[in-house]
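Taking it in order: structure first as structure tokens, then the write-up.
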Amino acid sequence: MPSKRQISLGLFLFASGHHVAGWRCPGAQSDATFNPSFMADMARKAEAACFDMVFLADNNCIQQDDWLAVRRMARPNIFEPVALLSALSMVTRRIGLVATGSTTYSEPYHIARSFGTLDYLSNGRAGWNIVTTSNSLEAWNFGRESHPAHADRYKRAAEFVEVTKGLWDSFEDDAFIRDKESGIYFDASKLHVLHHKGEHFSVRGPLNLGRPPQGHPVLVQAGGSDAGRDLAARTAEVIFAVNQALPDAQAFYADVKARVAAHGRDADLVKVMPGFFPVVGRTRTEAEDHMAELQRLLHPDVGLSLLSFLTGGFDLSGYDVDGPLPDLPDTDVGKARIKVIADLAKRENLSIRRLYERIAVSRGHHMIVGSATEVADRMEEWFEGKAADGFNVMPPTFPAGLDAFASLVVPELQRRGLFRTGYAGTTLREHLGLPRPAHLSRGQVALPA
Ligand SMILES: Cc1cc2nc3c(=O)[nH]c(=O)nc-3n(C[C@H](O)[C@H](O)[C@H](O)COP(=O)(O)O)c2cc1C
């Protein structure tokens, strides 16, 4: 372990790039989401740059159904993320592998089993991003008329996480003795049947999987509302966040760390990692030119549609794009992000057009356009200023944006002693400095001697 606190880095691997028009750039692989060997190349590049993890977001739907705009986006094809990470686990050795799994549109047994399996396949590199699902369109793919209410989704999520952890503890770590002499494969006194009966779930158990190598895959959480922060404070080991400006990020950081401590947990063992959208060049001019090129490729239909999506589906089509953003009604989805967007528009007095040019680009996450030194300065400022323990890096394009970050910014962070130059451990928990959770013995099975 380095004595100095260091930055954690995730690579948010997303289509051909995070800029919605990025796929049209010469430096982008336009078929990225159809191309598993390209995804493997990106994971290996991130590993060569010593990132802590690769992160795959997920939705069980095409994110929007405004087809006029969606046909211009490189996002309708999304591989099931645990399946893709399972493939990536075979071509990487150290980097953590984190994916989203919805607590609203899946069952604890499925999540425990698939992420537990990924932890085995990767020798302890799995992480689960717990989301209550922001996209109401998913309801229609699961036989429901509508998306459950925000408060109900979070109540289900809290119980979901406890059941999943209980299932991962179905066997103690040393239950599998495989004694050829006695013919006993596992020690039944180390088997635990959960017998969970709660408000949302009835799960007997046990899980048909030994305890995962990390005990539990790393728990990540990304909801920014009050209920989301509370769930994060109770359960998460990594918190993904959306913050535009340093003071907001500092306030978020202080708030979630205080909530973690209030739950009797060690706040230093919960890593806050805001999204970070860097457009990097060898000089600031080169970065600005690249940004201008990306923005030229952004079609107005796409910008408007994305802004509407990110503000909870509010229809902006009847408003003057060069006029101000109207007051947005309270909604049930993505509350934290809507506030970030509305605050930005107000703070900088942005028209709808200027706002979508900003928001469609980074989806509300912090953006910087500059040289490697400027980007590293900003990361250092946030890291030292108690706004972040690390960053979920969102390159505007793949591979060019990742190559620029890995070859220009990573060495600068390393030179400053802010980022590792090699992996010290082999598991994601070790990269992040997180302890392995103790086994909680629940529902022990008693067999006659
Ligand atoms: C970095 C990051 C990644 C996210 N990934 C997903 C995702 O993959 N799927 C999803 O449905 N929501 C995702 N979200 C959204 C949140 O987890 C959450 O569902 C949403 O913000 C609504 O919760 P809230 O009202 O508590 O903010 C992500 C958010 C962030 C900041």
Side-chain angles (χ1 to χ4, degrees), residues 8-15 18 53-64 75 78-82 84-85 98-106 111 115 127-139 141-142 147-158 160-161 219-236 238-244 248-249 252-253 255-256 259 271-277 309-313 328 330-342 359 362-366 388 390-395:
S8 305
L9 286 184
L11 175 67
F12 191 163
L13 188 52
F14 191 70
H18 282 270
M53 64 176 94
V54 166
F55 165 58
L56 296 177
D58 192 41
N59 283 108
N60 283 296
C61 63
I62 293 183
Q63 268 212 348
Q64 287 162 260
R75 294 172 185 172
I78 307 179
F79 290 146
E80 195 290 314
V82 180
L84 178 56
L85 289 183
V98 179
T100 289
S102 171
T103 55
T104 302
Y105 297 107
S106 59
I111 292 284
F115 282 85
W128 168 35
N129 178 34
I130 303 159
V131 306
T132 56
T133 292
S134 44
N135 197 320
S136 54
L137 294 179
E138 293 192 22
N141 294 331
F142 292 87
H147 200 35
H150 193 265
D152 294 341
R153 297 203 301 274
Y154 273 106
K155 272 195 217 138
R156 178 181 158 102
F160 193 118
V161 176
L219 297 180
V220 183
Q221 220 275 322
S225 62
D226 205 50
R229 292 180 195 205
D230 207 55
L231 178 65
R234 262 181 292 150
T235 60
V238 173
I239 299 179
F240 288 160
V242 195
N243 294 122
Q244 271 284 315
D248 300 340
F252 178 85
Y253 186 97
D255 180 68
V256 290
R259 287 178 195 240
K271 307 289 170 189
V272 177
M273 297 176 64
F276 188 75
F277 180 95
F309 171 67
L310 292 169
T311 50
L328 299 172
D330 194 24
T331 73
D332 210 29
V333 287
K335 287 173 187 288
R337 195 179 321 229
I338 294 171
K339 185 171 176 333
V340 165
I341 294 171
I359 291 304
S362 63
R363 302 194 304 288
H365 293 274
H366 183 71
F391 299 90
N392 206 8
V393 179
M394 303 166 57

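Read the numbers this way: they start at 1 and go in the same order the structure lists the ligands and their atoms. Counting begins at 1 with the first residue of the sequence. Computed from a predicted model, the values in this text were never measured in an experiment.
Residue-level proximity to ligand 1 for Arg229 is absent, since no heavy atom of it falls below 4.0 angstrom. With a 4.0 Å cut-off on non-hydrogen atoms, Asn135 does not touch ligand 1 at all. Counting heavy atoms under 4.0 Å from ligand 1, residue Thr100 touches it through the side chain alone.
Of the polar atoms of His150, at least one N or O is found under 3.5 Å from an N or O of ligand 1, judged by distance alone.
Shown in contact with Asn129 at under 4.0 Å from a heavy atom are these atoms of ligand 1, numbered in order with element: 5 (N). Those atoms of ligand 1 with a heavy atom of Tyr154 less than 4.0 angstrom away are 23 (O), 24 (P), 26 (O). For ligand 1, the atoms lying closer than 4.0 Å to a non-hydrogen atom of Thr133 are 11 (O), 19 (O). Close contacts between ligand 1 and Val242 involve ligand atoms 31 (C) [criterion: under 4.0 Å to a heavy atom].
In summary, the aromatic rings of His18 and Phe12 are positioned with their centroids under 6.0 Å apart. Ring to ring, Trp128 and Phe160 are close: their centroids are under 6.0 angstrom apart.
For the ligand labelled ligand 1, residue Glu138 lies outside the 4.0 Å heavy-atom shell. Using a non-hydrogen distance threshold of 4.0 Å, Gly224 registers as a contact of ligand 1.
Remark: side-chain polar atoms of Gln221 are not paired, donor with acceptor, to backbone N or O of Phe240 under 3.5 angstrom.
Salt bridge annotation for Asp230-Arg234: present, with a cationic side-chain nitrogen under 4.0 angstrom from a carboxylate oxygen. Here Lys339 does not pair with Asp248 in a salt bridge; the nearest charged N to carboxylate O distance is not below 4.0 Å.
Considering each of Ala99, Gly101, Pro81, Ser134, the one bringing a non-hydrogen atom nearest atom 11 (O) of ligand 1 is Ser134. For atom 17 (O) of ligand 1, the nearest non-hydrogen atom from the set Asn392, Asp226, Val131 belongs to Val131. Residue Ser225 holds the heavy atom nearest to atom 26 (O) of ligand 1 of all those in Ala157, Ser102, Gly364, Ser225.
Using modelled atom types and a 3.5 Å distance limit, the side chains of Ser102 and Thr133 yield a donor-acceptor pair.
Leu56 has its side chain out of reach of Val98: every pair of non-hydrogen atoms, C-beta onward, lies at least 4.5 Å apart. Residues Val238 and Leu219 are not in side-chain contact: their nearest non-hydrogen atoms beyond the backbone lie 4.5 Å or more apart.
The heavy-atom pair separating Val82 from Ala99 by the smallest distance is CG2-CB, 4.4 Å.
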